[in-house]
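Some notes on the structure that comes next.
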Amino acid sequence: MKVADLHPWPKVAEEALAIQDRLRPLADLASAGPRTVRTVAGLDVAYADDRLAAAAVVLDAETLEVVEETTALDRPGFPYVPGLFAFRELPALVGALRALSVTPDLLICDGHGLAHPKRFGLACHLGVLTGLPSIGVGKTRLVGDYDEPGTERGAWSPVSDGGQVVGRALRTQTRVRPVFVSVGHRADLDTACAMTLRLTPRYRLPETTRRADHLSRATLKAR
DNA sequence: GCGACAG
DNA sequence: ATCTTGTCGC
């Protein structure tokens, strides 16, 4: 699939922050989620020494069967800095997405979207770059306060930051710690949570990110 | 000055 | 993210 060019890529935090400020207005956080979601793409990155491997796995949203999977190798071009995480993984992720022959209906990112200090996490950034609906499903909180949701699968509670609801703590498995769902681009929070639940029939994390996680690690070992 | 801090 | 042994449980 086609993805907008990244250049110029920032080298330091100051430049990265400027890019976030410039792209933030382009994120569509208001419109309703896609009407029909037939395919969903999971994305993840694995690290080793001075290398990283990104993987994109497209699943049939109905059967959860693999439709296509791609990978891309890269070198760390930016350090890990909370809030600027996207600048570390985006190049590799975009590489994997460009290798895809199909265009997924929704992107499931391993990290946050709106639930970010500048309201422009990885999911927003990737959504703007691809123009595709995207959501963020993180394993831990980055910003915001929230009450522990009920113990049953499906229970959730809002995550608020600066007097604004930026996402939800969603229980995907009964008595298992929740995941953090937030909007990225062209998707609403209800749809994001509904999709997350559809993708977690058995485990805490979406089947999409689990598959992408395995593939990225295997790719790193293979070379 | 002391915590908090996606992966 | 990654480094790591054993251990509890299906």
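Throughout, protein chains are lettered first and strands after them, A, B, ... in sequence-line order, and every chain is numbered starting at 1. These numbers come from the heavy atoms of this one structure, side chains and all, not from hydrogens, waters or symmetry mates.
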Worksheet item: With the threshold set at 4.0 Å, does a side-chain nitrogen-carboxylate oxygen contact exist between Arg168(A) and Asp190(A)?
Response: yes
Response to the item:
Atom CD of Glu89(A) and atom C1' of dA6(B) are separated, to the nearest Å, by 9 Å
Item to complete: Choose from dC5(B), dA1(C), dG7(B) the nucleotide whose nearest atom is closest to any side-chain atom of Asp44(A).
Response: dG7(B)
Worksheet entry | Separation of atom CG in Leu17(A) from atom C1' in dC5(B), rounded to whole Å | 15 Å
Worksheet item: Do we see Tyr80(A) stacking on the base of dG7(B), given a limit of 5.5 Å between centres and 30° between planes?
Response: yes
Item to complete: Can you tell me the distance, in whole Å, between the CZ atom of Arg217(A) and the C1' atom of dT4(C)?
Response: 13 Å
Practice prompt. Mind checking Gly138(A) for me? I need base, sugar-phosphate or nothing, with any heavy atom below 4.0 Å counting as a touch.
Written response: sugar-phosphate
Discussion item. Using a 4.0 Å heavy-atom cut-off, does Leu84(A) contact any base of the nucleic acid, only the sugar-phosphate backbone, or nothing at all?
Written reply: base
Discussion item. Taking 4.0 Å as the cut-off, does a side-chain nitrogen or oxygen of Lys139(A) come that near to OP1 or OP2 on dG7(B)?
Written reply: yes
Item to complete: For Gly83(A), report the nucleic acid contact type (base, sugar-phosphate, nothing); a contact means any heavy atom under 4.0 Å.
Response: base
Worksheet item: Taking CG from Asp145(A) and P from dA4(B), how many angstroms apart are they, rounded to a whole number?
Response: 13 Å
Worksheet item: Has Tyr47(A) got a side-chain N or O lying under 4.0 Å from the OP1 or OP2 atom of dG7(B)?
Response: no
Item to complete: Write down the distance between CZ (Arg141(A)) and C1' (dG7(B)), rounded to a whole number of angstrom.
Response: 15 Å
Item to complete: Ignoring backbone atoms, test whether Thr140(A) places a side-chain nitrogen or oxygen under 4.0 Å from the OP1 or OP2 oxygen of dC5(B).
Response: no
Practice prompt. Describe the nucleic acid contact of Leu122(A) in one word from base, sugar-phosphate, nothing, applying a heavy-atom distance below 4.0 Å.
Written response: base
Discussion item. Just the rounded figure in Å: distance from C1' of dG9(C) to CZ of Arg202(A).
Written reply: 12 Å
Discussion item. Ignoring hydrogens and geometry beyond distance, is a side-chain donor-acceptor pair present between Thr200(A) and Glu207(A) at under 3.5 Å?
Written reply: no
Worksheet item: What is the distance from CG of Leu170(A) to P of dA6(B), rounded to the nearest Å?
Response: 20 Å
Worksheet item: Phe85(A) side chain: which of dA4(B), dA1(C), dA6(B) is closest?
Response: dA6(B)
Fill in: Side-chain N or O of Arg88(A) closer than 4.0 Å to phosphate OP1/OP2 of dG7(B)
no
Worksheet item: Should we say atom CG of Asp50(A) is surrounded by more than 12 heavy atoms from elsewhere, each under 6.0 Å from it?
Response: yes
Practice prompt. Could you list the residues that satisfy salt bridge (charged side-chain N to carboxylate O under 4.0 Å, His left out) with Asp161(A), not counting sequence neighbours?
Written response: Arg119(A)
Discussion item. Please report the distance, rounded to the nearest Å, between CZ in Arg51(A) and C1' in dT2(C).
Written reply: 14 Å
Response to the item:
Winner on side-chain proximity to Pro82(A), out of dC5(B), dT2(C), dG7(B), is dC5(B)
Worksheet item: Should the pair Asp44(A)-Lys139(A) be classified as a salt bridge under the 4.0 Å nitrogen-to-oxygen rule?
Response: no
